[in-house]
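Proteins come first, then strands; the chains are lettered A, B, ... in the order of their sequence lines, and each starts at number 1.
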4 protein chains.
Amino acid sequence: MPKIVNHSERREEVVEATRRVILREGIEAATTRAIAREAGYSNGVLTHYFADKDDIMLSALHLSHRHIVERLRGKLAGLTGLAALRELLLDNLPLDDERAEESGLEIGFWSRSMTSPALHQAQRAEAEELRYLVRSLLGTAAEAGEIATGEDLDDVTERLLALVDGLSVHHLLYPDRLGAGRLERLLGAELDRLQSSSS
Amino acid sequence: MPKIVNHSERREEVVEATRRVILREGIEAATTRAIAREAGYSNGVLTHYFADKDDIMLSALHLSHRHIVERLRGKLAGLTGLAALRELLLDNLPLDDERAEESGLEIGFWSRSMTSPALHQAQRAEAEELRYLVRSLLGTAAEAGEIATGEDLDDVTERLLALVDGLSVHHLLYPDRLGAGRLERLLGAELDRLQSSSS
Amino acid sequence: MPKIVNHSERREEVVEATRRVILREGIEAATTRAIAREAGYSNGVLTHYFADKDDIMLSALHLSHRHIVERLRGKLAGLTGLAALRELLLDNLPLDDERAEESGLEIGFWSRSMTSPALHQAQRAEAEELRYLVRSLLGTAAEAGEIATGEDLDDVTERLLALVDGLSVHHLLYPDRLGAGRLERLLGAELDRLQSSSS
Amino acid sequence: MPKIVNHSERREEVVEATRRVILREGIEAATTRAIAREAGYSNGVLTHYFADKDDIMLSALHLSHRHIVERLRGKLAGLTGLAALRELLLDNLPLDDERAEESGLEIGFWSRSMTSPALHQAQRAEAEELRYLVRSLLGTAAEAGEIATGEDLDDVTERLLALVDGLSVHHLLYPDRLGAGRLERLLGAELDRLQSSSS
DNA sequence: AATGAATGAGATTTCATTCAT
DNA sequence: CATGAATGAAATCTCATTCAT
């Protein structure tokens with residue numbers, strides 16, 4: 001009698017372990033062995049739930065995004081327009097250890113995505129969701145008269161998203177130059193500019 | 001007399017090959033074997049010109065930066081202040097294939113730098129040069145009254161650099177969303193804002 | 001259920017193979033490949049049971065010593081003092097093929113120990129056990145009045161141990177000059193001198 | 001016009017370099033590159049003067065023995081019999097850095113000799129010379145009445161030579177246990193026993 | 001379903017040797 | 001003669017993957 005196992009639960013368990021390993025030791029240290037050990041299973045178990053390592057890594061990326069979305073859900077509750085946007089973008093900055101690790105994971109996937117179509121595809125899809133959310137909040141904010149109307153909102157969206165990722169990378173690479181406090185202040189100022197330029 | 005080989009030329013040859021491999025197949029595919037094959041030599045030849053693989057990779061990063069600097073030198077000739085800054089930042093965007101490859105290489109090194117102290121150190125040193133140059137041009141522009149005086153110029157520097165890297169990543173990852181033309185326009189607008197906000 | 005393998009048994013299997021390779025082809029020929037082949041496994045299997053090559057080599061040295069101790073245990077049963085000492089030292093001479101191989105292995109490790117701290121440490125620890133045993137037996141023999149009292153027993157210990165190793169090397173290098181029979185006779189005479197010098 | 005070079009001089013130069021490398025860094029560090037560098041020549045030059053690396057190593061062993069003989073020649077001048085023997089054997093102990101290195105070199109060759117017929121052959125020939133010399137001095141000492149006549153002098157020869165090598169190894173492996181002073185004292189006592197046992 | 005033993009390819013690095021100049 | 005560039009085999013170690021149990 002084979003033991004009945006909830007496939008998706010077990011997958012999730014392994015993917016969580018993968019995420020933890022990547023966050024803790026970097027994407028290169030995430031070997032199948034390290035993942036299996038972290039998950040508390042043997043090496044061989046991975047075979048049953050994943051096609052191959054790419055499958056695992058892709059799922060780990062997806063999970064990381066879901067984590068971020070979960071955290072955001074709480075923070076955005078009750079907020080709309082510019083206030084929500086501010087919360088959203090600040091949450092995407094590596095302002096504490098947890099988010100620094102998340103950014104590190106994301107950056108690790110960037111380079112991999114450029115040579116792996118599957119990863120690229122996944123990354124693109126999930127990035128689009130974020131873009132759409134930012135764009136929507138900007139639209140709401142504009143309608144509410146919270147921000148200036150001179151600029152194209154799609155352009156603003158791209159600028160803000162690029163700024164968040166650029167600042168994140170620079171914080172991780174050059175922490176002396178760009179500490180967490182300054183990071184926050186720089187992004188805040190950019191958001192302030194959205195308002196001030198309307199006045 | 002033996003075949004005399006210019007050491008630095010041969011090093012460059014190998015480093016160029018490394019760069020090509022990274023650009024074409026990604027930084028993970030840049031094994032010593034692949035590099036040697038790409039350079040048209042046997043594996044063992046690397047020994048003559050490099051201490052170890054780190055030496056090769058570091059040199060590849062350095063070479064890429066040198067390429068950029070060389071190209072810039074020509075473009076900046078005769079320019080100062082805001083005009084020079086505009087040229088400099090635009091040149092850092094992946095607006096054509098060559099620069100797209102350069103950006104891809106750079107991004108590949110970001111994640112590696114986070115776990116390799118030697119790479120991190122090199123990256124930091126060279127990034128500081130760029131930062132200093134941008135800051136200087138901003139200072140000159142300010143003195144010449146080309147830009148508004150309200151903002152802290154160090155902050156502006158960081159914002160511009162983050163924007164350039166963020167836009168570069170997004171262009172490479174999401175080319176449909178963020179084509180070369182739009183990239184250029186977005187950065188141009190940001191520079192225009194430096195002026196307009198003074199009016 | 002997976003194939004269950006007794007870890008220490010498999011380690012022993014590999015270490016025995018290592019020992020055979022060293023005995024047959026010399027310590028320099030004991031590459032990980034040669035060891036794996038001799039053990040009848042693939043290269044990669046060594047990973048499961050050993051941290052690295054040093055671990056294997058050290059275990060091989062340790063195993064050899066354990067072999068010797070096992071054999072001695074039987075021979076020394078019921079013996080004390082000078083008789084036990086005689087048995088002990090004779091057993092350490094390469095008087096048959098088995099012990100010749102053991103001596104050869106030991107000699108191979110001597111030179112390695114001089115440049116490998118880990119090996120050196122292991123060798124020193126195990127040599128000290130032997131020294132202590134010899135010294136103890138000498139003490140017992142002296143108390144029993146079996147040997148002369150004129151000499152410092154620590155010095156005698158060192159002389160006997162040096163003689164055993166020196167004779168062993170010379171037998172292996174110059175078998176024509178120093179056959180097994182003569183080896184035995186020479187060491188026996190040395191032990192006899194311990195007694196006769198008391199008369 | 002080819003430059004005229006004294007072949008044996010150039011060989012000697014390289015072999016001296018080899019010896020220096022082995023003495024300084026151990027026999028395993030004596031790579032052809034290291035040897036060539038030490039000799040002040042390029043790698044390729046070795047080809048002209050030696051058949052292969054074995055040829056070099058063998059010559060280095062031979063040279064080391066010649067060095068020892070040279071040093072002895074001076075020390076033995078004017079001495080005969082037991083006094084000469086004492087000088088000879090003491091000179092063979094690793095009582096200072098130079099001789100410790102020489103002993104290290106010798107020990108490194110022991111294990112190699114066991115799997116290399118050519119090395120073995122060379123070692124045997126040169127060991128025989130030493131044995132013959134010791135035996136001769138013992139004979140002279142006996143004729144002069146300097147030592148007891150009870151023992152077979154061939155046996156004494158082997159015992160003394162084994163003791164010297166055994167003590168040398170133990171000094172190098174266990175210097176804490178067997179310092180230079182004690183080494184000298186132990187061998188001296190053994191020589192004294194040759195006399196005292198006659199009384 | 002789960003184990004973990006085993007595989008074998010491949011990565012980096014080292015080295016004796018060859019050879020065109 | 002001498003150089004040193006170049007080779008290619010081999011050594012150690014790592015890792016994703018397979019598979020018998």
Side-chain angles (χ1 to χ4, degrees), chain A residues 1-7 10 28-37 40-56, chain B residues 1-7 10 28-36 39-56, chain C residues 1-7 10 28-36 39-56, chain D residues 1-7 10 28-37 40-56:
Chain A
M1 283 284 289
K3 195 169 7 173
I4 293 305
V5 174
N6 186 325
H7 250 252
R10 188 59 47 91
E28 277 131 44
T31 66
T32 53
R33 272 188 161 95
I35 291 168
R37 198 184 324 116
Y41 293 105
S42 66
N43 299 326
V45 88
L46 303 185
T47 298
H48 294 292
Y49 301 103
F50 298 90
D52 53 16
K53 198 190 174 186
D54 273 6
D55 190 7
I56 301 177
Chain B
M1 284 295 287
K3 181 165 32 170
I4 287 302
V5 173
N6 185 323
H7 251 250
R10 184 57 47 92
E28 282 111 38
T31 66
T32 51
R33 274 181 190 161
I35 291 168
Y41 294 104
S42 66
N43 298 329
V45 89
L46 303 185
T47 295
H48 288 291
Y49 303 102
F50 299 89
D52 52 17
K53 197 191 174 185
D54 271 8
D55 191 9
I56 301 177
Chain C
M1 285 295 287
K3 183 165 31 171
I4 286 303
V5 174
N6 186 321
H7 249 250
R10 183 59 46 91
E28 281 112 37
T31 66
T32 52
R33 273 182 191 161
I35 290 167
Y41 294 104
S42 66
N43 298 329
V45 88
L46 303 185
T47 295
H48 288 292
Y49 303 103
F50 299 90
D52 53 17
K53 196 190 175 185
D54 271 8
D55 190 9
I56 301 178
Chain D
M1 282 285 287
K3 195 172 357 174
I4 292 303
V5 174
N6 185 325
H7 250 251
R10 186 60 47 93
E28 276 131 43
T31 65
T32 52
R33 270 188 162 95
I35 291 167
R37 197 183 328 114
Y41 292 105
S42 65
N43 299 326
V45 88
L46 304 185
T47 299
H48 293 292
Y49 301 102
F50 299 90
D52 54 15
K53 198 189 172 185
D54 273 5
D55 190 8
I56 301 177

Measure the distance from [atom1] on [X] to [atom2] on [N] and round it to the nearest whole Å.
{"X": "N43(A)", "N": "dA6(E)", "atom1": "CG", "atom2": "P", "result": "13 Å"}
{"X": "D54(D)", "N": "dA16(E)", "atom1": "CG", "atom2": "P", "result": "11 Å"}
{"X": "I56(C)", "N": "dC13(F)", "atom1": "CD1", "atom2": "C1'", "result": "11 Å"}
{"X": "Y41(B)", "N": "dT13(E)", "atom1": "OH", "atom2": "P", "result": "20 Å"}
{"X": "N6(C)", "N": "dA6(E)", "atom1": "CG", "atom2": "P", "result": "12 Å"}
{"X": "D55(C)", "N": "dT12(F)", "atom1": "CG", "atom2": "P", "result": "14 Å"}
{"X": "F50(A)", "N": "dA2(E)", "atom1": "CZ", "atom2": "P", "result": "12 Å"}
{"X": "L46(A)", "N": "dA2(E)", "atom1": "CG", "atom2": "P", "result": "12 Å"}

Base partner of dA9(E), which must satisfy Watson-Crick or wobble distances under 3.5 Å
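Pairing partner: dT14(F).
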dT21(F) pairs with, by Watson-Crick or G-U criteria that keep both distances under 3.5 Å:
dA2(E)
Would you name the heavy atoms of [X] and [Y] that are closest together and state the gap between them?
{"X": "T31(B)", "Y": "K53(B)", "answer": "CA-NZ, 4.2 Å"}
{"X": "Y49(D)", "Y": "V45(D)", "answer": "CD1-O, 3.4 Å"}
{"X": "H48(D)", "Y": "H7(D)", "answer": "O-CE1, 3.5 Å"}
{"X": "A29(C)", "Y": "A34(C)", "answer": "O-CB, 3.6 Å"}

Here's a test of your reading of the structure: between G40(C) and E28(D), which maps to the more 5' nucleotide of DNA chain E?
G40(C)
I want to confirm an ordering. Mapping V45(C) and T32(B) to their closest nucleotides on DNA chain E, which one lands closer to the 5' end?
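Closest to the 5' end, via its nearest nucleotide, is V45(C).
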Establish, with yes or no, whether the OP1 or OP2 oxygen of dA11(E) is under 4.0 angstrom from a side-chain nitrogen or oxygen of R33(B).
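For dA11(E), OP1/OP2 do have a side-chain N/O of R33(B) under 4.0 Å.
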Can you tell me if Y49(C) touches the phosphate of dA6(E), counting only side-chain N or O atoms and a distance under 4.0 Å to OP1 or OP2?
yes
Could you state the interatomic distance from CZ (F50(C)) to OG1 (T32(C)), rounded to the nearest 0.5 Å?
12.0 Å
Select from T47(B) and K53(A) the residue whose nearest nucleotide in DNA chain F is closer to the 5' end of that strand.
T47(B)
Does H48(D) get its side chain close enough to the base of dA2(F), under 3.5 Å, for a donor-acceptor pair?
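Counting by modelled atom types and ignoring angles, a donor-acceptor contact under 3.5 Å is found here.
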Using a heavy-atom cut-off of under 4.0 Å over every strand shown, decide if [X] touches base, sugar-phosphate, or nothing.
{"X": "D52(A)", "value": "sugar-phosphate"}
{"X": "T31(D)", "value": "sugar-phosphate"}
{"X": "R10(B)", "value": "sugar-phosphate"}

